[in-house]
2 protein chains.
Amino acid sequence: MTKRDELIKTAFELFYLNGVHSVGINQILAETGIAKKTLYTHFASKEVLLEAVIAYRDERFRSWIFGLMSQQSQAEAMVKAMFDGLDDWFNDRVATLMPFQGCFFVKVNAEFLNHRVNELCFEHKQAIVDYLAARLSEHYPEPQANQLANQLALLKEGAIAQAYLGKDRQAAKLAWNMAKPLMKPAD
Amino acid sequence: MTKRDELIKTAFELFYLNGVHSVGINQILAETGIAKKTLYTHFASKEVLLEAVIAYRDERFRSWIFGLMSQQSQAEAMVKAMFDGLDDWFNDRVATLMPFQGCFFVKVNAEFLNHRVNELCFEHKQAIVDYLAARLSEHYPEPQANQLANQLALLKEGAIAQAYLGKDRQAAKLAWNMAKPLMKPAD
DNA sequence: AACAAAGTAGACAAATCGGTCTACCTATAA
DNA sequence: TTATAGGTAGACCGATTTGTCTACTTTGTT
């Protein structure tokens with residue numbers, strides 16, 4: 001792992017747990033044992049580092065969840081794979097992600113206003129809705145496929161919120177119980 | 001309005017928009033025109049001020065939404081009142097709240113870890129689930145009433161998340177569409 | 001009238017922030 | 001061999017942070 005990757009990974013862990021503004025550059029350096037100059041040769045500023053961290057988490061999260069969903073060809077099985085994946089995440093059975101501490105993008109988004117990172121966080125969420133809509137459009141006519149994608153995205157966000165702040169680690173199962181009847185009409 | 005209340009209100013507005021750690025004490029003082037010493041006679045620290053701000057928002061939000069829900073005696077009408085209220089909130093038709101910028105408690109919670117404010121944010125969310133469960137227990141047997149309360153809370157959190165980060169101001173309507181069939185079994 | 005509480009204005013301290021810089025040390029590739 | 005890139009250690013800068021303090025003024029109550 002390059003120094004650059006080490007910095008991104010450690011910065012993500014600290015940002016995810018404590019928030020972006022609570023974590024100083026010096027804390028990241030102390031944790032990694034990397035010199036300050038090295039950080040600033042790879043990243044022009046803390047903000048640029050944060051953008052790289054967002055891209056890192058985005059890639060990791062999406063390839064994980066899309067990997068699960070892409071293994072299923074049927075619409076209902078695909079959606080179930082998503083909620084089963086969330087259930088694994090909430091209960092710390094996903095090694096590739098960190099121990100569950102809510103949604104990183106929701107957290108980062110909360111600390112900024114009218115900022116570039118807000119757009120990056122939005123794009124992550126939008127990418128998931130887009131994937132859902134694209135997959136569902138093979139099994140449902142429009143505009144049902146699109147509406148269903150939005151319903152499922154709402155259930156997914158609700159599950160994450162309830163699992164984290166609501167401390168309900170079973171929230172993914174509850175969400176799937178509500179999602180299942182929505183899938184019935186077609187498929 | 002006392003100086004103390006002015007400080008709480010302005011601090012809330014700034015924290016809500018920009019995040020707690022992004023807003024300095026001096027910024028709150030400049031906005032209110034109040035002297036620094038006055039702030040520290042009312043609040044021992046920024047943290048104590050934040051706790052007062054959380055209590056302020058908690059009281060405002062709960063009395064608003066419970067006020068809407070308590071006007072309805074039927075279970076379905078009560079729940080619809082909640083989602084109608086959320087729809088008004090998302091679309092800035094609620095004067096008593098601020099222009100919609102997501103959930104304050106979710107945002108504050110994101111900036112802290114293993115901290116007293118995390119507990120206060122949790123308590124706010126729990127109070128709403130508790131109210132829902134109590135009202136529903138008059139119309140549904142246990143454990144259905146309790147499960148329904150958790151389902152509705154998940155839909156509410158999902159709607160807030162989608163309305164804010166997902167930029168879907170119609171999310172409350174979508175959530176109510178999913179909530180409505182859940183109410184049918186009894187009532 | 002007098003006293004206590006609450007207010008203002010702002011200097012100040014100590015710590016921390018992001019970011020720059022110097023001086024030196026590898027490692028690799030031309 | 002030698003140049004170039006990437007690395008370390010850490011002093012340093014200016015700005016900003018929370019919080020304290022002094023000196024003075026206003027306000028309300030007894």
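Treat the numbers as computed from the prediction; the structure is a model and nothing was measured. Throughout, protein chains are lettered first and strands after them, A, B, ... in sequence-line order, and every chain is numbered starting at 1.
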**Message:** Does A:Glu47, at its CD atom, have more than 12 non-hydrogen atoms belonging to other residues, nucleotides or ligands within less than 6.0 Å?
**Reply:** no
**Message:** Measure NZ/A:Lys3 against P/C:dT26 and give the value in whole Å, please.
**Reply:** 14 Å
**Asked** So, is A:His42 close to the D:dG6 phosphate, meaning a side-chain N or O under 4.0 Å from OP1 or OP2?
**Response** no
**nucleotides 10-21 of chain D: protein proximity per nucleotide (B base, S sugar-phosphate only, - neither; heavy atom, under 4.0 Å)** = B-------BBBB
**Message:** Is it true that A:Tyr40 and A:Lys46 share a donor-acceptor pair across their side chains at a distance under 3.5 Å?
**Reply:** no
**Asked** Is the phosphate of C:dA5, meaning OP1 or OP2, less than 4.0 Å from a side-chain N or O of B:Thr41?
**Response** no
**Asked** Does the cation-pi check pass for B:Arg57 over B:Tyr16, that is, NZ or CZ under 6.0 Å from the six-membered ring centre and within 45° of its axis?
**Response** yes
**Request:** Provide, to the nearest angstrom, the distance between the CZ atom belonging to A:Phe43 and the C1' atom belonging to C:dT20.
**Result:** 18 Å
**Request:** Could you tell me the separation between the CZ atom of B:Arg4 and the P atom of C:dG7, rounded to a whole number of Å?
**Result:** 11 Å
**Asked** Which whole-number value in Å describes the distance from B:Leu7 CG to C:dA6 P?
**Response** 14 Å
**Message:** Under the salt bridge (Lys or Arg N to Asp or Glu O under 4.0 Å) test against B:Asp88, which residue among B:Arg93, B:Arg169, B:Lys173 passes?
**Reply:** B:Arg93
**Request:** Please find out if less than 6.0 Å separates the ring center of A:Trp89 from that of A:Phe61.
**Result:** yes
**Near-ring test A:His21/A:Phe112, centroid separation under 6.0 angstrom** = yes
